[in-house]
Every structure is written in C-alpha cells, then in structure tokens.
Amino acid sequence: MLLSKSPGDLLVDHPTHADITAILELFPFAVRAMLLSGLAQTHPVIYHEANRAAQRLNDQENASFRWASVTKVASAFAIHIARQHYMLSLDEPAGPEGSTLRHLLSHASGIDFNSNRVLTQPGLKRIYSNRGIEIAAHVCEEATGESFDSWLENQVIYPLGMTQTFLWASPAWGMKGPIGDLGRFALELMMPTLLDADSDEAMTMPCFPGLSGVVPGYGYQRNNVWAMGPELRGTKDPHWTSPEAPADTFGHFGQSGSFLWVDRRHLLAGVFVSEKPFGRIHKELWLPLNYALFRLGLIAHGRQPGPRPSALAALSHGLQ
C-alpha cells in the first residue's frame, strides 16, 4: 500500500471540485485531470500539479504528456475514417492467417503483444496486442497511399484543433500532447462530427463479444469486451473506470499513466495524464478519482447520485 488511506476511505459520494483536487494531490508527481460535459457545451476543468517536478512543466494547459495506449483509440479513429471513405474494408485479410482488420482492431487476431508470433487462431481469445494495431495502421497506409502519421494528422488531429499533439512513435502507443488536446478528442468521441453513424457504431460497439482475456494491469476477465479500438467497460471487475460507469462506457488507459473514458448515456467524459508511468498508485487512486469524476458530472447536470454501490460499501482495505 502506497497511501496512508485505503482507496475505500477516499470515496466521496457527493464530490466537489475540492474533493477531486484532494485526490489528485495524493499523487507525488505531476498529474492533470479533466472532466468534460456535452450536455450544455460546458467543460468543467480540473487541473493539478504536484511537487517541484511539476514546476518544470510551466504552462498547465500546454504541457505535453505521453498518451501511451490511449493512442490506440486515436489511431483506430483514423482507420475508421479511411473505411468511411471506402479506402479499406474491416473484413479484408490482415495480420495472421484467417485474421481481418476487424480482428486486429479488437485484439482478437491471436497475434502476440509485441511480435509477429501467433498465439492462437483469430476470434478465440482477446490477446491485447501493440503489434496488431501497428499492422492495422500499415494496412491504412497502403490503402490511403499516405504515411500513417500524416493521415492521422490530416484526418483527426488538425480537424479537431489538437494543434500541439503529434504521433512520434508507434501508432499503438506513440502519441504525445497536452491534456487540453486529449479533452478535445474526448469531446469528439462523445459527440462525433468526423465519423458517420455507421462508422461510429463500428468503432464503439462490442466486437467478437464473449472473448476472455487479460486487461493489462487489471488481470483476467471472463468477458473481456472490446470494440474496434476502444475498450468497453462491460461488467469487468476490477476495472479502471468508475464502478458506476455504464457498461457501454468506452475508452482506454495507457502505461504512461493516462486515461480517457466516454459515457454517452450521461454525456460525460474524463481524461487524465501523468508525469510518471502507470503503477500501483494509479491503480489505487483511479478508483476514487473516477468514482468522484462520474458523480461530479451527474451533479453538474442537475442529477443527484444514488446511494453508494454495495460492492463499494464494504471496501476498506485497498485493491486486491
């Protein structure tokens, strides 16, 4: 345990901005969080910088952070735009034998995490794979005749005004930018303007439902539901989103200590970036943080949160 209090002791049922800031201040390094609302086009924003290391970051809004695997959602978004323009098909062969672009984007191709080694036949298991996303991006390059970083910039980054964000490495983990740009992307995912309804459904609905597999950092899940790009919350336990988040909440977290989640039912989204990589303290604090962000969003929309879920009522000894 890295904290003097357990995550259960940090749960706040009717949070204020001050309560969320108090949780953020427990991180011993610079972090930033943002809560976004699509209901009234208002964007409640919460920032926090911790300790002297944060002083090097200067401008709060423009300081750049690595997004790590949150990149996968942006890369998938760009690939779905290519599909929308009839440049490629989600069912065209790609990756291991029998696999398609659909398999690659939903981590169901059977390919290894970081190599071309095939671990199982496509469609049998959810095997989280950086390599699968990289192959999907290569398919997009061949289809568009444009380098993937250029396609991503022209089709996603520039149209959304994410002027300080760029892909500096792998399309599976290599984006870097300020939290403001990550928030702009979250708003686009909440209320799409660049994807038509068919493409948006393809990107956010369960793909190959029922497959088991591991959520990195959170262990084996019997129904490790995923869409084509984003992870879906489903009924996963444990998980990094709020325990109260609807099952169709989607997003991703990254090993840089970043996350993005979107709840369209309540027109809410949360984003988070971190100066230090994902570790035990992120796992401990993301539970009360996302619980508070979700409930603060409900309150901002004029809704009263219900009683604390029974699964959290007895929580007092940290995460297992």
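In what follows, residues are counted from 1 in the order of the sequence shown. Quick note: numbers below take in every heavy atom, side chains included, and nothing from hydrogens, waters or symmetry partners.
Using a 3.5 Å distance cut-off with no hydrogens or angles, the side chains of Gln84 and His80 do not pair a donor with an acceptor. Between the side chains of Asp149 and Ser147, at least one donor N or O sits under 3.5 Å from an acceptor N or O.
In terms of heavy atoms, Gly217 sits closest to Phe278 at CA-CE2, 4.3 Å. Heavy atoms only, all atoms of each residue included: Arg264 and Asp200 are closest at NH2-OD1, 2.6 Å. Pairing each heavy atom of Ala202 with each of Leu90, the nearest pair is CB-CD1, 4.1 Å. Residues Cys140 and Ile79 come closest through the heavy atom pair CB-CG1, 4.0 Å. Residue Gly98 comes nearest to Pro122 through the heavy atom pair C-CG, 3.7 Å, listed as atom of the first residue, atom of the second, then distance. Nearest approach of Val225 to Gly234, heavy atoms of both residues: CG1-CA, 3.8 Å.
Here the side chains of His138 and Phe148 are not in contact, with every heavy-atom distance at 4.5 Å or above. Residues His107 and Ile133 form a side-chain contact, since some pair of their non-hydrogen atoms from C-beta on lies under 4.5 Å apart. Contact of the Trp226 side chain with the His252 side chain is registered, since non-hydrogen atoms from C-beta on lie closer than 4.5 Å. Residues Glu231 and His239 form a side-chain contact, since some pair of their non-hydrogen atoms from C-beta on lies under 4.5 Å apart. Side-chain contact between Phe250 and Met203 is absent, with no heavy-atom pair separated by less than 4.5 Å. Within the 4.5 Å cutoff, side-chain heavy atoms of His301 are placed close to those of Leu268. Leu293 places a side-chain heavy atom less than 4.5 Å from the side chain of Ile20. With a 4.5 Å cut-off on side-chain heavy atoms, Ile111 and His103 do not count as touching.
Here Asn130 pairs with Ser69, Lys72, Phe113, Asn114, Tyr128, Ala172, Trp173 under the side-chain contact (heavy atoms from CB on, under 4.5 Å) rule; sequence neighbours left out. With sequence neighbours excluded, no residue forms a salt bridge (charged side-chain N to carboxylate O under 4.0 Å, His left out) with Glu141.
Results of the ring-ring contact (aromatic ring centres under 6.0 Å, His included) test with Phe272 over Trp67, Trp240, Phe27 single out Phe27 as the only residue that passes.
A cation-pi arrangement is present between Lys283 and Tyr218, with the terminal nitrogen or guanidinium carbon under 6.0 Å from the aromatic centre and inside a 45° cone about the axis.
The 12-atom threshold is exceeded at OH of Tyr220, counting heavy atoms of other residues, nucleotides or ligands nearer than 6.0 Å. The environment of Gln121 atom CD is sparse: at most 12 non-hydrogen atoms of other residues, nucleotides or ligands sit within 6.0 angstrom.
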- Message: Using the rule given for side chain to side chain donor-acceptor pair (under 3.5 Å), can you reason through His266 versus Glu244, listing the C-alpha separation, both sets of side-chain angles and the distance that settles it, and then say yes or no?
- Response: CA-CA 12 Å; His266 300 99; Glu244 295 185 303; over 6 Å; no
- Working for side chain to side chain contact (heavy atoms under 4.5 Å, CB included), residues Lys236 and Asn224: CA-CA 7 Å; Lys236 296 171 186 172; Asn224 192 11; 3.2 Å; yes
- Report the C-alpha separation of Leu10 and Leu26 in whole Å, then their side-chain angles, then the decisive distance to 0.1 Å, and conclude whether the side chain to side chain contact (heavy atoms under 4.5 Å, CB included) test is met. CA-CA 10 Å; Leu10 298 172; Leu26 294 173; 3.7 Å; yes
- Message: Using the rule given for side chain to side chain contact (heavy atoms under 4.5 Å, CB included), can you reason through Arg66 versus Gln255, listing the C-alpha separation, both sets of side-chain angles and the distance that settles it, and then say yes or no?
- Response: CA-CA 9 Å; Arg66 293 184 178 185; Gln255 288 298 316; over 6 Å; no
- Give the intermediate values and the outcome of side chain to side chain contact (heavy atoms under 4.5 Å, CB included) for residues Leu285 and Val31. CA-CA 12 Å; Leu285 290 178; Val31 299; over 6 Å; no
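In this structure, the side chain of Arg126 engages the main chain of Ser106 through a donor-acceptor pair within 3.5 Å. At distances below 3.5 Å, at least one donor-acceptor pair connects side-chain atoms of Gln221 with backbone N or O atoms of Pro238. Judged by distance alone, the side chain of Arg184 and the main-chain N or O of Ile157 form no donor-acceptor pair under 3.5 Å. In this structure, Glu188 contributes its side chain and Thr193 its backbone to a donor-acceptor pair below 3.5 Å. Judged by distance alone, with hydrogens and angles left aside, the side-chain atoms of Arg32 form no donor-acceptor pair with the main-chain N or O of Val271 at under 3.5 Å. Proximity of a side-chain donor or acceptor of Thr165 to a complementary backbone N or O of Asp181 within less than 3.5 Å is not detected.
With respect to Arg295 and Asp19, no salt bridge is recorded, no charged nitrogen being found less than 4.0 Å from a carboxylate O. No salt bridge links Asp112 with Arg131; every basic N to acidic carboxylate O contact stays at or beyond 4.0 Å.
Using a 4.5 Å cut-off between side-chain heavy atoms of Ile, Leu, Val, Met, Phe, Trp and Tyr, with links allowed through other members, Val73 and Phe166 fall into different hydrophobic clusters. One hydrophobic cluster, built from ILVMFWY side chains closer than 4.5 Å, holds both Leu39 and Met190. In the hydrophobic clustering of this structure, Met175 groups with Leu194; members are Ile, Leu, Val, Met, Phe, Trp, Tyr whose side-chain heavy atoms approach within less than 4.5 Å, directly or through other members. Residues Trp168 and Leu182 do not share a hydrophobic cluster, clusters being chains of Ile/Leu/Val/Met/Phe/Trp/Tyr side chains in contact below 4.5 Å. The hydrophobic cluster containing Leu101 also contains Met87, counting ILVMFWY residues as joined when their side-chain heavy atoms lie under 4.5 angstrom apart, directly or transitively.
Note on residues 175-207: pairs passing ring pair (Phe, Tyr, Trp, His ring centres under 6.0 Å), not counting sequence neighbours, are Phe77-Phe185.
Rounding to the nearest 0.5 Å places CZ of Phe65 at 10.5 Å from OG of Ser258. The OG atom of Ser75 lies 6.0 Å from the CG atom of Leu167; values are rounded to the nearest 0.5 Å. Note that CG of Asp237 is 13.0 Å distant from CZ of Arg222, once rounded to the nearest 0.5 Å. Rounded to the nearest 0.5 Å, atoms OG (Ser242) and CG (Leu289) are 10.0 Å apart. The CE atom of Met228 sits 7.5 Å away from the CZ atom of Arg83 when rounded to the nearest 0.5 Å. Between the CG atom in Leu104 and the CD atom in Glu134 there is a gap of 11.0 Å [rounded to 0.5 Å].
Taking the six-membered ring where the residue is Trp, Trp286 and His282 present perpendicular rings, their angle passing 60° and hence far from 30°.
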